[in-house]
2 protein chains.
Amino acid sequence: MTKPVTSAELDQRSKLHEVFALPQGRALDICFKLQTAILEHKLTPGLKLSEDEVGEIYGASRTVVRASLQALAHSGLVAMEKNRGAFVAKPSIREAHEVFQARALIEPAVARLAADVITDRQLAQLHAHLDAEHAALHSGDMGKALFLSGNFHTEIADIADHRVFAGMIRSLISRSSLIIALYWKRSDTACESHSHHALMNAFEKHDGAAAEKIQKSHIVDLHSGLDLKEKPAGGTSLNEALRG
Amino acid sequence: MTKPVTSAELDQRSKLHEVFALPQGRALDICFKLQTAILEHKLTPGLKLSEDEVGEIYGASRTVVRASLQALAHSGLVAMEKNRGAFVAKPSIREAHEVFQARALIEPAVARLAADVITDRQLAQLHAHLDAEHAALHSGDMGKALFLSGNFHTEIADIADHRVFAGMIRSLISRSSLIIALYWKRSDTACESHSHHALMNAFEKHDGAAAEKIQKSHIVDLHSGLDLKEKPAGGTSLNEALRG
DNA sequence: CAATCTTGGATCGTATACAATTTTTACTCA
DNA sequence: TGAGTAAAAATTGTATACGATCCAAGATTG
């Protein structure tokens with residue numbers, strides 16, 4: 001019951017390559033693995049990503065690790081400090097607000113675009129995605145559930161077939177994942193919310209206006225589900241988080 | 001009469017550092033110089049940016065040049081092809097449409113934000129900026145005029161004090177510069193248009209709604225000023241373009 | 001003569017070595 | 001004991017060297 005996930009992951013990977021100007025060759029692998037780990041909350045915000053350590057784990061030289069970290073820095077998942085190294089990004093409260101403001105502007109517009117052009121095949125794929133998300137959630141794998149929940153949004157952007165918006169949304173979703181890791185308030189994982197299903201409904205009817213409206217309120221809802229107060233930092237070890 | 005430009009340039013530089021996760025140390029210099037050259041249309045789209053050549057020109061090793069090129073690739077100004085190297089990006093017609101659609105969505109919203117919070121000092125700065133643009137235009141320096149015209153938009157984003165939007169807009173403006181280089185139709189440089197002045201008017205009155213409306217029609221106007229047909233490629237030499 | 005194959009040069013991808021900077025540790029002295 | 005300082009360890013920044021890939025020109029063959 002954990003298998004339907006794989007195809008979604010591979011999908012995500014190829015799309016990443018398409019949208020961002022990502023590093024080439026081996027660096028892309030590392031980039032993707034680190035990103036997945038961060039998005040599944042295996043790596044907590046603020047964690048140091050030592051070049052030597054990452055390189056040793058993935059069997060690569062510092063040169064290529066450096067390229068990966070730089071790429072992730074550009075997408076907002078990693079913060080680099082001069083002469084101090086790379087860390088999993090720890091979005092500030094201010095950035096949290098800004099990210100969700102941006103999402104509230106862009107994603108509804110993109111949902112509208114998607115509703116107009118979505119095909120039956122894509123509808124089925126989205127349904128499958130929701131099933132996988134549901135399964136992950138009920139199997140207790142919070143990390144993967146959140147990862148998939150984010151992917152749902154990027155898939156909509158891909159359906160809208162607008163690469164510029166898709167790239168923006170991808171970056172925003174990534175950062176949202178970190179923000180949720182830091183500031184999520186409600187114990188009920190609201191991403192299981194009915195918003196995604198309501199959206200599916202609008203898509204099936206090709207009702208762009210409805211999709212836009214639903215998406216907007218969904219994001220406003222997510223935003224208001226955050227508890228934007230200062231939190232103390234966590235400091236796990238990298239090896240212990242990734243080696244598994 | 002060419003002096004007022006300098007402060008704007010330095011300003012731009014520090015802001016870049018703030019918004020993007022840019023490389024550190026010497027790489028940032030090269031990044032900035034290349035970006036400026038591209039934005040002033042000294043480097044035409046499609047031009048090859050050989051690592052050795054760039055490194056020799058700026059007196060840096062390939063390592064740091066590589067980092068710079070990667071950074072520029074992430075902001076959309078440079079395209080990297082595996083095992084072939086880096087080129088000044090040559091946005092497709094499709095990307096051109098997408099970029100201006102994105103601008104038409106985001107920039108009006110940001111203009112509204114800016115109108116609400118703009119200070120007298122910032123108003124004066126924008127006025128000075130328009131003067132500099134005007135001067136560059138009438139001194140025949142098209143490249144610099146276009147560069148400054150773009151900066152006008154990013155300055156508004158900075159005034160709105162919204163880093164996420166500012167980052168997006170910066171990237172969009174950069175790509176717009178390339179798009180204009182490739183597809184501009186009108187011989188009258190419409191960036192001298194009255195839109196910028198009209199916008200200033202709305203800012204002075206802190207009329208957000210008006211600012212939003214003006215900005216939107218300004219960008220739609222720019223979009224329609226493009227001639228989106230296939231164009232042949234140009235191939236200048238890098239040395240001859242930068243050594244001056 | 002045209003098409004294909006081979007070969008040489010140029011350029012990129014990656015690893016490694018060294019220099020510069022930061023962080024930690026150990027030590028002295030009040 | 002605690003603060004200040006200095007030396008040592010660890011980590012990043014940068015340069016260079018080597019192997020891999022691509023491109024173009026010239027040779028070869030049908």
Side-chain angles (χ1 to χ4, degrees), chain A residues 16-17 20-34 43 46-74 77-90 233 235-242, chain B residues 16-17 20-34 43 46-74 77-90 233 235-242:
Chain A
L16 270 177
H17 182 59
F20 288 106
L22 280 179
Q24 309 133 337
R26 204 132 75 264
L28 191 104
D29 272 359
I30 297 178
C31 205
F32 177 65
K33 282 174 184 160
L34 278 178
L43 271 39
L47 178 66
K48 171 104 200 264
L49 297 171
S50 155
E51 295 179 358
D52 276 327
E53 213 168 346
V54 174
E56 212 238 312
I57 289 175
Y58 294 122
S61 153
R62 273 183 56 219
T63 308
V64 47
V65 172
R66 225 156 184 336
S68 303
L69 291 175
Q70 237 188 277
L72 289 174
H74 282 291
L77 278 181
V78 157
M80 300 188 74
E81 293 176 37
K82 170 154 178 159
N83 282 321
R84 291 192 18 91
F87 306 80
V88 177
K90 217 163 80 175
T236 331
S237 143
L238 177 58
N239 269 290
E240 123 193 7
L242 281 185
Chain B
L16 271 178
H17 182 59
F20 289 106
L22 280 178
Q24 308 135 339
R26 203 133 75 263
L28 191 105
D29 273 358
I30 297 178
C31 205
F32 177 65
K33 281 173 184 159
L34 278 177
L43 270 40
L47 177 66
K48 173 99 199 272
L49 297 171
S50 154
E51 296 179 356
D52 277 329
E53 213 169 347
V54 175
E56 213 237 312
I57 289 175
Y58 294 123
S61 152
R62 272 183 57 218
T63 308
V64 46
V65 171
R66 216 155 198 321
S68 304
L69 292 175
Q70 242 188 268
L72 289 174
H74 282 291
L77 279 181
V78 159
M80 300 189 75
E81 293 176 36
K82 170 152 179 162
N83 281 321
R84 293 197 10 94
F87 305 80
V88 177
K90 217 162 80 174
T236 331
S237 143
L238 178 57
N239 269 290
E240 122 195 6
L242 281 184

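What's counted below: heavy atoms across the whole structure, side chains too, no hydrogens, waters or symmetry copies. Naming: A, B, ... by sequence-line order, numbering from 1 per chain.
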Atom [atom1] of [X] and atom [atom2] of [N]: how far apart are they, to the nearest Å?
{"X": "B/E56", "N": "C/dT11", "atom1": "CD", "atom2": "C1'", "result": "15 Å"}
{"X": "A/Q70", "N": "D/dT12", "atom1": "CD", "atom2": "C1'", "result": "13 Å"}
{"X": "B/E51", "N": "D/dC22", "atom1": "CD", "atom2": "C1'", "result": "14 Å"}
{"X": "B/M80", "N": "D/dC22", "atom1": "CE", "atom2": "P", "result": "15 Å"}
{"X": "A/K48", "N": "D/dA10", "atom1": "NZ", "atom2": "P", "result": "13 Å"}
{"X": "A/E53", "N": "D/dT11", "atom1": "CD", "atom2": "P", "result": "8 Å"}
{"X": "B/I30", "N": "D/dT14", "atom1": "CD1", "atom2": "C1'", "result": "11 Å"}

### Task
Measure across A/G55 and A/V65 and return the closest heavy-atom pair with its distance rounded to 0.1 Å.
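Scanning both residues completely, I find the closest heavy atoms to be CA-CG2, 3.5 Å.
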
### Closest heavy-atom pair and its distance - A/R62, A/E51
NE-OE1, 2.9 Å

#### Entry: Residues B/L69, B/L34; criterion side chain to side chain contact (heavy atoms under 4.5 Å, CB included); working and verdict
CA-CA 9 Å; B/L69 292 175; B/L34 278 177; 4.0 Å; yes

### Message
Checking side-chain contact (heavy atoms from CB on, under 4.5 Å) between A/S68 and each of A/L49, A/I30, A/V78, which is the one that passes?
### Response
A/I30

#### Entry: First encountered from the 5' end of DNA chain C, between A/T63 and B/D52
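Looking at the nearest nucleotide for each, B/D52 comes out on the 5' side.
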
### Query
Which residue, A/R62 or A/K82, contacts DNA chain C at a nucleotide closer to its 5' end, judged by nearest heavy atom?
A/R62

### Message
Quick check for you: to the nearest 0.5 Å, what is the distance between B/R26 atom CZ and B/L28 atom CG?
### Response
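Reported value, rounded in 0.5 Å steps: 12.0 Å.
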
### Message
Categorize A/R66 for me: base, sugar-phosphate, or nothing, with a 4.0 angstrom heavy-atom threshold over every strand shown.
### Response
base

### Query
So what does B/R84 hit on the nucleic acid, given a heavy-atom distance under 4.0 Å: a base, only sugar-phosphate, or nothing?
sugar-phosphate

Selection from [options] that lies nearest to any side-chain heavy atom of [X]:
{"X": "B/S61", "options": "C/dT21, D/dT16, D/dC22", "answer": "D/dT16"}
{"X": "B/N83", "options": "C/dT14, D/dC22, D/dT12", "answer": "D/dC22"}
{"X": "A/V64", "options": "D/dA15, C/dA15, D/dC22", "answer": "C/dA15"}

